[in-house]
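The residues of the chain are indexed from 1 along the displayed sequence. Numbering of ligands and ligand atoms starts at 1, following listing order. Note that this is a predicted model, so its numbers are computed, not measured.
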Amino acid sequence: MRQIDHFLVGDSPASTRKHQVWNPSTGEVQAEVPLGDAALLDRAVATAKQVQPAWAATNPQKRARVMFRFKELIETNMQSLAELLSSEHGKTVDDAKGDVQRGLEVIEYACGIPQVLKGEYTQGAGPGIDVLSIRQPLGIGAGITPFNFPAMIPMWMFGMACAAGNAFILKPSERDPSVPVRLAELFLEAGAPEGLLQVVHGDKEMVDAIIEHPDIPAISFVGSSDIAHYIYHRGAEHHKRVQAFGGAKNHGIVMPDADLDQVVNDLAGAAFGSAGERCMALPVVVPVGEDTAERLREKLLPAIAALRIGVSTDPDAHYGPVVTPEHKARIEQWITTAEEEGGEIVVDGRGYTLQGHEKGFFVGPTLIDHVTPKMTSYQEEIFGPVLQIVRAKDFEEAVRLPSEHQYGNGVAIFTRNGHAAREFAARVNVGMVGVNVPIPVPVSYHSFGGWKRSGFGDIDQYGTEGLAFWTKKKKITQRWPDGSADDGNAFIIPTMG
Ligand code: NAD
């Protein structure tokens with residue numbers, strides 16, 4: 001059995017607790033990963049504390065060179081990274097390349113760290129007084145990441161944190177932990193000091209140790225909302241800076257004037273791609289008006305019938321298996337719940353098996369119509385290849401549905417009407433909006449973050465927001481008196497005159 005190790009300096013201690021890593025396409029256990037504890041974390045933190053000051057003192061241009069070399073190594077290793085990722089996650093190899101690529105784009109942004117770290121300066125803010133605002137690293141950052149983007153999300157975090165001068169401890173998902181370790185190996189190969197980026201595996205025990213560790217000042221978390229809320233809350237109790245991103249239930253609004261062929265094409269990818277295991281998937285479609293709903297449903301049926309499900313290495317597959325047998329059972333249970341709640345199961349993906357791979361964790365594409373906001377299957381995240389139709393009578397209802405939902409990660413509107421799109425984008429209570437763009441993940445030089453129960457904390461991932469999260473801003477007001485000035489009364493609050 002392949003044994004996955006922590007990525008530390010020196011040998012890892014033997015671990016008594018282990019977690020099994022599946023190959024979701026075959027349904028077989030392919031590896032074991034150790035689950036670390038507080039003692040292991042202590043060791044990682046001690047290493048990080050030794051390494052970080054010299055790294056922070058390395059000029060930003062030299063740190064950027066490491067990021068440039070890392071970028072090149074990722075590109076060179078793209079195929080093998082994608083294959084490894086796909087074998088543990090279950091997404092297709094091409095989709096896994098997208099996962100790596102979207103992380104790489106943040107590394108590319110981080111290559112510009114000298115430019116974005118320059119700070120602010122005002123000469124002559126008062127008599128002989130200059131003011132500087134500079135950004136300094138926090139010290140040691142920690143990242144706790146989900147299974148569904150095992151390359152992209154770690155790179156979002158450590159790319160920004162390390163470029164800004166921090167050391168980083170990554171606790172990836174125990175369900176697909178190999179790619180994060182491989183990224184750390186490549187970062188070292190790129191010239192990062194040994195111990196700057198360490199990977200500790202684990203579950204709640206390790207997460208709690210991170211939260212409680214006095215020498216870790218900041219935690220970035222991405223995962224499900226209850227755990228995001230827990231980490232946000234407990235992290236604050238331990239005086240940490242925390243950003244915690246949670247689950248999602250993104251809506252796609254289809255206006256009567258939308259190009260339905262384009263919409264169906266977009267929905268097929270956004271609802272079923274990666275077996276629906278994306279926080280920016282579109283699992284809810286909201287046609288506006290009964291006529292739009294009927295026309296859309298008619299066009300969706302052949303598109304769903306044409307979907308090809310395959311093992312993750314099948315180059316023609318549109319999507320592969322879901323991540324674990326428990327997750328397959330959970331998705332199927334949600335379909336049953338939707339049925340019991342009164343939803344019409346138009347296409348039923350329960351009990352799906354792929355010929356020749358009967359033990360794989362496959363779920364067939366599922367379409368559920370006449371879903372209403374009262375149903376728990378609408379309120380909660382399913383995170384599978386399940387598309388729900390919620391019919392809205394008019395534009396106002398279509399704005400209200402995503403706005404009132406507990407999650408507020410992404411939303412999309414499909415229309416040819418610029419006024420409707422503009423109005424929708426301005427009013428909807430959701431963090432990331434697409435206009436005729438089904439998966440509106442902002443590019444690396446903007447920033448990523450949802451609202452409501454999709455995001456706790458007020459600072460986004462990557463872009464200048466990521467830089468703000470991983471640094472603290474110091475404001476320096478300075479003067480160099482030559483002795484000639486009359487300083488006046490020193491007992492009143494200083495003003496700039
Ligand atoms: P998860 O919440 O189960 O796990 C995320 C991380 O938390 C993992 O590292 C895991 O080891 C750890 N963890 C698990 N149980 C814990 C516990 N009880 N206490 C402390 N830590 C614990 O999430 P997942 O299933 O790996 O990922 C899917 C979820 O992540 C979905 O809800 C998805 O919407 C969400 N997600 C959100 C975003 C976003 O940006 N908002 C992006 C990707 C995924």
Side-chain angles (χ1 to χ4, degrees), residues 17 19 21-22 24 33-36 41 88-91 99 102-103 106 142-157 169-177 179-180 199-212 219-235 242-250 274-283 322-324 326-328 330-331 334 380-384 405-411 430-432 439-442 447-457 459-462 465-466:
R17 292 198 314 129
H19 182 86
V21 178
W22 296 100
V33 62
L35 300 174
L41 181 70
E88 291 184 357
H89 178 286
K91 64 176 76 176
D99 188 331
R102 286 307 297 245
V106 171
I144 301 163
T145 53
F147 83 85
N148 70 323
F149 281 102
M152 175 182 86
I153 294 176
M155 281 195 268
W156 285 3
M157 295 178 182
I169 296 176
L170 174 65
K171 207 291 303 161
S173 170
E174 61 276 37
R175 285 181 258 176
D176 46 10
V179 163
V199 181
V200 295
H201 300 293
D203 53 12
K204 183 176 187 318
E205 185 176 338
M206 178 58 85
V207 170
D208 284 339
I210 291 172
I211 292 170
E212 288 162 19
I219 303 176
S220 181
F221 172 85
V222 178
S224 52
S225 290
D226 285 348
I227 298 172
H229 184 242
Y230 169 78
I231 289 173
Y232 186 68
H233 177 79
R234 294 249 8 249
V242 184
Q243 55 175 195
F245 298 94
K249 191 87 174 186
N250 307 321
S274 198
E277 294 171 320
R278 291 185 185 134
C279 65
M280 289 296 276
L282 271 190
V322 300
V323 67
T324 58
E326 294 80 20
H327 194 48
K328 174 179 159 81
R330 190 172 166 274
I331 295 165
W334 271 121
E380 302 296 333
E381 181 179 50
I382 298 176
F383 222 53
H405 201 281
Q406 62 164 330
Y407 295 118
N409 213 37
V411 70
V430 169
M432 291 174 280
I439 304 183
V441 177
S447 67
F448 180 101
W451 292 359
K452 298 179 279 180
R453 275 179 63 77
S454 298
F456 301 90
I459 304 190
D460 281 354
Q461 298 268 9
Y462 62 76
E465 294 263 312

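Between Phe245 and Phe448, the ring planes lie perpendicular to each other; the angle is over 60°, past the 30° to 60° tilted range. Taking the six-membered ring where tryptophan is involved, the planes of Trp156 and Tyr462 are perpendicular, since the angle between them exceeds 60° and thus also 30°.
In this structure, Glu381 contributes its side chain and Ala248 its backbone to a donor-acceptor pair below 3.5 Å.
Relative to the ring axis of Phe149, Lys91 places its NZ or CZ within 45° and under 6.0 Å from the centre.
Protein residues with any heavy atom under 4.0 Å from ligand 1: Ile144, Thr145, Pro146, Phe147, Asn148, Ile153, Lys171, Pro172, Ser173, Glu174, Arg175, Gly202, Lys204, Val207, Phe221, Val222, Gly223, Ser224, Ile227, Phe245, Gly246, Gly247, Ala248, Cys279, Glu381, Phe383, Asn409, Phe448, Ser454.
Salt-bridge check for Arg453 with Asp226: passed, with a basic side-chain N closer than 4.0 Å to an acidic carboxylate O.
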* To do: Check step by step if side chain to side chain contact (heavy atoms under 4.5 Å, CB included) holds for Val179 and His89.
  => CA-CA 10 Å; Val179 163; His89 178 286; over 6 Å; no

